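Since the structure comes first, as structure tokens, the remarks are kept for the end.
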2 protein chains.
Amino acid sequence: MAAGSNSLELVVLGLLKEQDMHGYELKKRMTESLGLIMHVSWGSLYPALARLEAKGAVKAVEARLAAPSVPMTGSLGGERAVFRSSSDGLRGSRNKKVYGITDLGSALFSEMLNNDSEIDEKGFAVRLAFANHMDSKMRLKMLNERRDLILERVKSSRRNIEKKRFALEPYVELVLEHFRSTNSSDLAWIEELIAKEESSIQNSGTDLLVSQKIKDSI
Amino acid sequence: MAAGSNSLELVVLGLLKEQDMHGYELKKRMTESLGLIMHVSWGSLYPALARLEAKGAVKAVEARLAAPSVPMTGSLGGERAVFRSSSDGLRGSRNKKVYGITDLGSALFSEMLNNDSEIDEKGFAVRLAFANHMDSKMRLKMLNERRDLILERVKSSRRNIEKKRFALEPYVELVLEHFRSTNSSDLAWIEELIAKEESSIQNSGTDLLVSQKIKDSI
DNA sequence: TGCCGATATATCAGCTCGATATAACAGAAA
DNA sequence: TTTCTGTTATATCGAGCTGATATATCGGCA
């Protein structure tokens with residue numbers, strides 16, 4: 001019922017905030033620009049869109065007529081085909097269904113972005129990727145929560161290992177050591193971000209990374 | 001039907017190879033020693049055990065009578081209670097069901113460990129954690145596959161970003177940069193492991209990390 | 001004695017993955 | 001022209017995972 005920490009819906013809304021898109025385009029965009037961060041399958045993308053549509057967060061809109069997908073040749077047949085077999089009047093050529101974000105969807109996006117916590121690795125990365133839609137205070141809060149979580153995780157692991165009621169197999173120790181090292185550099189990175197964020201708050205309220213144009217839509 | 005890359009079953013079998021355990025104990029052990037690497041919930045652990053039991057890879061055994069869970073006080077009531085309400089004769093005190101690995105389970109473990117590929121981050125870490133049950137050649141193969149996969153992923157991301165048919169939001173670039181850096185250190189780590197493995201193969205067939213005792217059970 | 005926290009198993013709805021099916025269309029080849 | 005192949009596009013399925021919750025049992029303690 002509650003939003004939960006659904007990073008997929010967050011990403012979909014975040015991308016639709018930039019531009020109307022259909023499912024295939026969304027997935028392409030995700031794997032192209034966020035491919036290192038997350039991965040999405042058809043089996044979760046289309047149900048997610050259906051969910052968001054049912055909630056009223058997105059709605060089908062008329063297909064954009066501008067440059068469908070690198071047409072190369074200028075045959076204008078596409079434009080005519082857009083309004084072909086439209087049972088609902090909104091299916092474009094190739095049966096495309098283009099989605100746009102609604103005001104409710106925008107509100108939901110902000111809510112998920114700002115109010116979700118207890119998020120995992122992927123959820124954090126996704127939230128941070130859209131952090132230009134937060135204000136400085138919120139970014140700082142998120143970064144601090146993440147720092148504490150990693151810190152606690154590493155400490156807990158160290159505590160458990162040092163109890164050593166069992167013999168660790170040699171490769172387990174190898175892997176753990178690497179994970180600890182990864183966590184350390186994650187930690188250093190986050191603390192760097194926190195420092196930047198704090199200094200940018202002190203130097204008047206101007207954000208370093210957020211342009212004024214985007215800021216007003218927070 | 002085929003094994004697929006089920007890292008949970010692999011871990012369960014790997015841990016049961018060391019010692020008979022019941023579900024609760026398995027989870028505790030996992031979060032304590034492998035907590036940084038993976039996480040398991042009740043909703044997946046018990047069904048996994050049931051699956052493995054159905055396959056004949058594990059089977060319920062008599063509860064071990066030695067030190068149930070740090071008893072502290074030497075009240076010997078526990079031992080008597082072990083054979084209490086046994087509808088199947090194998091339920092210990094507190095309704096415990098202790099599992100042991102079968103020969104078939106051992107074979108399945110080796111099969112999953114050696115034949116799975118196309119595995120994700122977590123799957124790789126888990127496999128590596130049990131790499132002392134592989135031979136040098138297999139370890140090398142796994143490490144090489146992983147290196148190629150990461151390499152390809154990073155290159156693919158770079159290719160897609162450089163096409164830049166869309167403007168990346170500032171924080172997305174920030175996150176991507178960090179992920180690339182993480183991938184780089186993962187890569188360096190893996191190449192280090194490969195180098196070690198190769199040199200250990202050259203220096204006669206002796207493995208550096210695998211003790212002779214474990215080796216014979218490969 | 002009653003209460004609390006740890007032990008122990010189990011189940012549920014909702015979500016995700018990987019695979020697969022289906023179809024429209026574009027461009028090249030035949 | 002027709003056929004063939006690859007890309008675009010949506011949809012669905014089984015099976016597995018997660019977080020939450022339910023239900024007991026037992027040890028220690030006041």
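Letters A, B, ... are given to chains in the order of the sequence lines, protein chains preceding strands, and every chain is numbered from 1. Model, not experiment: these values are computed from the prediction.
Proximity of Ser41(A) to the phosphate of dC17(C): a side-chain N or O atom is located under 4.0 Å from OP1 or OP2. An OP1 or OP2 oxygen of dC15(C) is reached within less than 4.0 angstrom by a side-chain nitrogen or oxygen of Arg51(A). Side-chain nitrogen and oxygen atoms of Ser44(B) include at least one within less than 4.0 Å of the OP1 or OP2 phosphate oxygen of dT18(D). Between Lys97(A) and the phosphate of dT10(D), there is no side-chain N or O to OP1/OP2 separation shorter than 4.0 Å. Side-chain nitrogen and oxygen atoms of Tyr24(B) include at least one within less than 4.0 Å of the OP1 or OP2 phosphate oxygen of dT7(C). In terms of phosphate contacts, Asn6(A) brings a side-chain nitrogen or oxygen within less than 4.0 Å of OP1 or OP2 of dT16(C). For the OP1/OP2 pair of dT7(C) and a distance below 4.0 Å, the side-chain nitrogens and oxygens of Lys28(B) include at least one atom meeting the criterion. Contact annotation: Tyr46(B) side-chain N/O to dA10(C) OP1/OP2 distance is not under 4.0 Å.
Note: CG (Leu8(A)) to C1' (dG14(C)) measures 13 Å, nearest angstrom. For the pair Glu25(A) CD and dT7(D) P, the interatomic distance rounds to 18 Å; values are reported in whole Å. If you measure from atom CG of Leu45(A) to atom P of dT20(C), you get 20 Å, rounded to the nearest angstrom. Atom CZ of Arg29(A) and atom P of dA9(D) are 15 Å apart (whole Å). Rounded to an integer number of Å, the gap from Lys27(A) NZ to dT7(D) C1' is 14 Å. Atom pair Lys55(A):NZ and dG14(C):P shows a separation of 12 Å (rounding to whole Å applied). Put simply, CG on Asp120(A) is 16 Å from P on dC17(D), counting in whole angstrom units. Taking atom CH2 of residue Trp42(A) and atom P of nucleotide dA21(C), one finds them 17 Å apart after rounding to whole Å.
Taking the six-membered ring for Trp and thresholds of 30 and 60 degrees, Tyr46(A) and Trp42(A) have nearly parallel ring planes, at less than 30 degrees apart.
With contacts defined as side-chain heavy-atom distances shorter than 4.5 Å, the pair Glu121(A)/Arg146(A) qualifies.
The side chain of His39(B) sits closest to dG19(D) out of dG19(D), dA9(D), dT11(C).
Of the possible donor and acceptor atoms, none in the side chain of Lys17(A) sits under 3.5 Å from a partner among the backbone N and O of Ser106(A).
Between Met142(A) atom CE and Met134(A) atom CE the span is 4.0 Å, to the nearest 0.5 Å. Here the OG1-CZ distance, from Thr102(B) to Phe109(B), works out to 13.0 Å after rounding to the nearest 0.5 Å.
Contact annotation for Gly23(B): backbone-only contact, meaning every heavy-atom pair under 4.0 Å involves sugar-phosphate atoms and none involves a base.
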